[in-house]
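Since the structure comes first, as structure tokens, the remarks are kept for the end.
Chain identifiers are assigned alphabetically (A, B, ...) following the order of the sequence lines, protein sequences preceding nucleic acid strands; residue numbering begins at 1 within each chain.
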Protein chains: 2
Amino acid sequence: MNAPVFDNRDCGTCPIRHRAVCARCEQDELEYLDTIKYYRSYEAGQPVVWSGDQIDFVATVVSGVAALTQTMEDGRTQMIGLLLPSDFLGRPGHEKAHFDVTAISDLTLCCFRRRPFEKLLASSPHVSQRLLEMTLDELDAAREWMLVLGRKTAREKIASLLAIIARRESRLRLEDSTDGCTFELPLTREAMADYLGLTLETVSRQISALKRAGVITLRGNRQVTVPDFARLIAESGDDADGGMLP
Amino acid sequence: MNAPVFDNRDCGTCPIRHRAVCARCEQDELEYLDTIKYYRSYEAGQPVVWSGDQIDFVATVVSGVAALTQTMEDGRTQMIGLLLPSDFLGRPGHEKAHFDVTAISDLTLCCFRRRPFEKLLASSPHVSQRLLEMTLDELDAAREWMLVLGRKTAREKIASLLAIIARRESRLRLEDSTDGCTFELPLTREAMADYLGLTLETVSRQISALKRAGVITLRGNRQVTVPDFARLIAESGDDADGGMLP
DNA sequence: GATCGGCCTTGATCCAGATCAACCGCGAAG
DNA sequence: CTTCGCGGTTGATCTGGATCAAGGCCGATC
């Protein structure tokens, strides 16, 4: 009960994690958070919430991958966000979910009961500030993605997605690997298509094309190796430096 | 100096506007905000900030329309957001702009110097909470738009855009006009194309098609009348009720 | 009132990606 | 070992929207 709640062993990815090391944190808030926290796991493929559901929690991803999607009546679906470990899920202040959330791999969430979490937000500027920061990051990412969806070719879309995944994966491991990184694709071809606004056939063809061109190497269907990262970036149509590294 | 800073006559659209009527507000914060606030106007077509610029302010739109856009080296551009009166512009915590901002019509901003604004954010949960709320709304809007960009046909895209503008315009005027609303398009065909991920020719053709089909009526190139709003929504491919009205 | 430059429309043609369809590889279930 | 089903690949064809091109409308300028 007196142990720090958000140390990295326990749940390294909570939005409020900096509080555990923040000199300004007050113990009573940590204890409060402890009382409203619980863990939840989902198997690959399981739905987490449906659009329109009443939601009584917010959460962060501890491990695994989740997809945020939107579906039209006729079945066309668009993935709207990919939640990797450390991403935040939920919408303080709203009763109902706006989007579907599905576990794409086995998934563990660190959940907070919504009402008490909102109470904490209202009273603690540190927490709402941290959440604001994360939300602004997500907004930037969503806007970057709008350029991908609206203006890029199929090949550029694939390259952009691979670059994003590679960057996120390798940042979680080591900063150094400038060249020659290898990672596991957490998505099926169909999920990639839903993310990119393409069909799965086009995704498959373009991945084959990138392989043929030597931009990537595949072991099996999922394990990707990028021998020359700059080459991949060039294929993605992005500015070499990624534009605006802060 | 003692007058409330954020009453509706003065600047009805500031992100912190609820503080003016919030019982919990403290006068010294209002006075503080007063000292960091200034107004700025732009003519239609003028750039407000370029991507990469050092930015020392955040702002809200008082009147007019601004566009957030992103451009690739080869000139392809995607509009990423449309800022109408009451929308927030800027990124507390970041030195540099990630996107271009352009005045699309004559534009007035209510600006706050960034550093002091950030200081206020850090000390006042009300302000950061209000901003968080606005950012979450923007994120939802961006995600809705990803479905439009990724999965809708040209015709559905146009109908979606018209529906959004109609809703925002008429909400600013009167809630009632369920049917038969008329509004002025704040965008050129080219700007619409940039927003929708289309070419201006396709925009023009689809608007003509909607006109021919009787879904809309035009007076001149810009003034649009929607005789039957439900019809427009049907064309947009959205669920009749818009999904998830809070 | 002639000319010019934005903004918009319309037509003809082209092509990237969708659609339809066949098939492969592989692990799980019988 | 066979079968089944899921995820993936590849080929053939179709098509919605891009591209290229020619004007039209209208307000501003000389």
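Remark: P of C:dA16 and CG of B:Leu198 are 18 Å apart, rounded to the nearest angstrom. Atom NZ of B:Lys152 is separated from atom P of D:dG17 by 13 Å (rounded to the nearest Å). Nucleotide C:dC7 holds its C1' atom 13 Å from the CE atom of B:Met192, rounded to whole Å. Atom CG in A:Leu149 sits about 20 Å away from atom P in C:dA16, given to the nearest Å. What separates CG of A:Leu187 from C1' of D:dC6 is a distance of 17 Å, to the nearest Å. A straight line from CG of A:Asp194 to P of D:dG7 spans 13 Å, rounded to a whole angstrom. For the pair B:Gln223 CD and D:dC26 C1', the interatomic distance rounds to 17 Å; values are reported in whole Å. One can place CZ of A:Arg76 at 18 Å from P of C:dG17, the figure rounded to the nearest angstrom.
For the pair B:Asn221 and A:Ala154, both in contact range of DNA chain C, the more 5′-proximal nearest nucleotide belongs to B:Asn221. Between B:Val203 and A:Arg189, the residue anchored nearer the 5' end of DNA chain D, judged by the nucleotide with its closest heavy atom, is A:Arg189.
Partner of A:Leu89 under the side chain to side chain contact (heavy atoms under 4.5 Å, CB included) criterion, out of A:Val61, A:Thr60, A:Leu109: A:Leu109 alone. The side chain to side chain contact (heavy atoms under 4.5 Å, CB included) test with B:Met192 singles out one residue from B:Leu161, B:Thr202, B:Leu200, B:Leu198, and that residue is B:Leu161.
Proximity of B:Thr202 to the phosphate of D:dG17: no side-chain N or O atom is located under 4.0 Å from OP1 or OP2. Between A:Thr153 and C:dA16 there is no side-chain polar atom (N or O) within less than 4.0 angstrom of OP1 or OP2.
At a cut-off of 3.5 Å, with distance as the only test, no side-chain donor of B:Thr225 or B:Thr217 sits close to an acceptor on the other residue. Judged purely by distance below 3.5 Å, without hydrogens or angles, the side chains of B:Ser41 and B:Thr108 pair a donor atom with an acceptor atom. Using modelled atom types and a 3.5 Å distance limit, the side chains of B:Asp100 and B:Ser51 yield no donor-acceptor pair.
Here B:Thr188 lies in heavy-atom contact (under 4.0 Å) with sugar-phosphate atoms only. Within 4.0 Å of B:Arg222, counting heavy atoms only, lie sugar-phosphate atoms of the nucleic acid but no base atom. Within 4.0 Å of A:Leu200, counting heavy atoms only, lies at least one base atom of the nucleic acid. Backbone-only contact: A:Gly197 has heavy atoms under 4.0 Å from sugar-phosphate atoms and none from a base.
Between the side chain of B:Glu201 and the base of D:dC20 there is at least one donor-acceptor pair of N/O atoms closer than 3.5 Å. Counting distance only, with no hydrogens placed and no angle test, the side-chain atoms of B:Glu190 and the base atoms of C:dC7 include no donor-acceptor pair under 3.5 Å.
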Return one dot-bracket line describing DNA chain C 5' to 3' (Watson-Crick or G-U wobble pairs, both distances under 3.5 Å; ( ) same strand, [ ] crossing, | another strand, . none).
-> ||||||||||||||||||||||||||||||
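Residues of residues 205-213 of chain A that place a heavy atom closer than 4.0 Å to DNA chain C, in numerical order, are A:Arg205.
Counting non-hydrogen atoms of other residues, nucleotides and ligands closer than 6.0 Å to CZ of B:Arg222 gives a total above 12. By the 6.0 Å contact criterion, CD on A:Gln54 is enclosed, its count of non-hydrogen atoms from other residues, nucleotides or ligands being greater than 12. Within a 6.0 Å sphere centred on CD of B:Glu201, other residues, nucleotides and ligands contribute more than 12 heavy atoms.
Closest of all the heavy-atom pairs between B:Ala103 and B:Glu43 is CB-O, 3.5 Å. Shortest non-hydrogen contact noted between B:Asp106 and B:Ala44 is OD1-N, 2.8 Å.
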